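Because the structure is predicted, anything quoted here is derived from the model rather than measured. Atom set for the values below is all heavy atoms of this structure, side chains included, hydrogens, waters and symmetry mates excluded. Start at 1 and go down the list; that is how both ligands and their atoms are numbered.
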Amino acid sequence: MKSKHKYAVFVSGRGSNLNAMFDAVRDGRLSYKPDLVLTDNPSATALEYARENGVETCWVDPAVNKGRRAFAEAAIKELKARGIDTICLAGFMRIVDKALVDAFPGRIINIHPALLPAFPGLDAQRQALEAGVAESGCTVHFVDEGVDTGAVIMQARVPVEKGDTVETLSKRILEQEHRIYPEAVQALMDDRI
Ligand code: GAR
């Protein structure tokens, strides 16, 4: 199947969600490989997954493009030059500027390791443990100008178990992230959301 869209994945670090997209492409749950992997961090291990899978990578240097607006403008230039109209944030640890949101209306999504609107921002798993909730999970949502405030697309729940640490809870949530994010990307690329 073909999509009229082209998408970039924005990464900053480990890249397990990006890798899960490649797995999903291999086993047929996702019909589309990313067209570009863009990063703010040239040593992100995520870039290795991109290279192994033959996907172009692009580093936008935050030291050259200082501040949110300049970073967004540089990223927009790279994306437009390649005809990319869709962005999936996957462990991209920068707040997205309004200029980027305005340039790709309704076409930017993110995965967050909590059941939004609960526990936005950093250290969501730690926030959940400290709040003593009985369950947590992950959320795929549209990106707007706020921090993790955009409309929810999909969620998956996991129990918080007795004796959980940030590591054990994160691992349980991450398994669900890897399942639902490719599903959401497929729906976005097929114009079903
Ligand atoms: C994931 O758990 C993702 O949900 C989270 O960072 C991790 C990235 O892992 N994102 C956020 O917290 C965004 N607010 P990955 O690089 O292995 O995909």
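- Contact between P113 and ligand 1 is present, with at least one heavy atom of the residue lying under 4.0 Å from the ligand.
- A search for side chain to side chain donor-acceptor pair (under 3.5 Å) contacts involving E78 returns R82, not counting sequence neighbours.
- In this structure, T39 contributes its side chain and P42 its backbone to no donor-acceptor pair below 3.5 Å.
- Distances below 4.0 Å separate heavy atoms of S16 from the following atoms of ligand 1: 15 (P), 16 (O), 17 (O), 18 (O).
- Every atom of ligand 1 with a heavy atom of R14 under 4.0 Å away is listed here by number and element: 9 (O), 15 (P), 16 (O), 17 (O).
- The N/O atoms of G15, backbone and side chain alike, include one that comes under 3.5 Å of an N/O atom in ligand 1.
- The two residues V9 and Y7 have their closest heavy-atom pair at CG2-CE1, 3.7 Å.
- Of the protein's non-hydrogen atoms, the one nearest atom 6 (O) of ligand 1 is G91 CA, 4.0 Å.
- Ion pairing of D164 with R172 is present here, as a side-chain N (NZ or NE/NH1/NH2) and a carboxylate O approach within less than 4.0 Å.
- Residues forming a side chain to side chain donor-acceptor pair (under 3.5 Å) with K4 (at least two apart in sequence, or on another chain): D191.
- Between H112 and ligand 1, at least one pair of N/O atoms sits closer than 3.5 Å.
- Short contacts between ligand 1 and E177, defined as distances under 4.0 Å to a heavy atom of the residue, involve ligand atoms 1 (C), 2 (O), 3 (C), 4 (O).
- When only non-hydrogen protein atoms are considered, atom 10 (N) of ligand 1 lies nearest to I111 O, 3.7 Å.
- Checked by distance only, ligand 1 and N17 come closer than 3.5 Å through their nitrogen or oxygen atoms.
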Can you list the steps and then say if F104 with T86 is a side chain to side chain contact (heavy atoms under 4.5 Å, CB included)? CA-CA 7 Å; F104 300 95; T86 300; over 6 Å; no

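- In this structure, OG in S136 is found 6.5 Å from CZ in F119, a value given to the nearest 0.5 Å.
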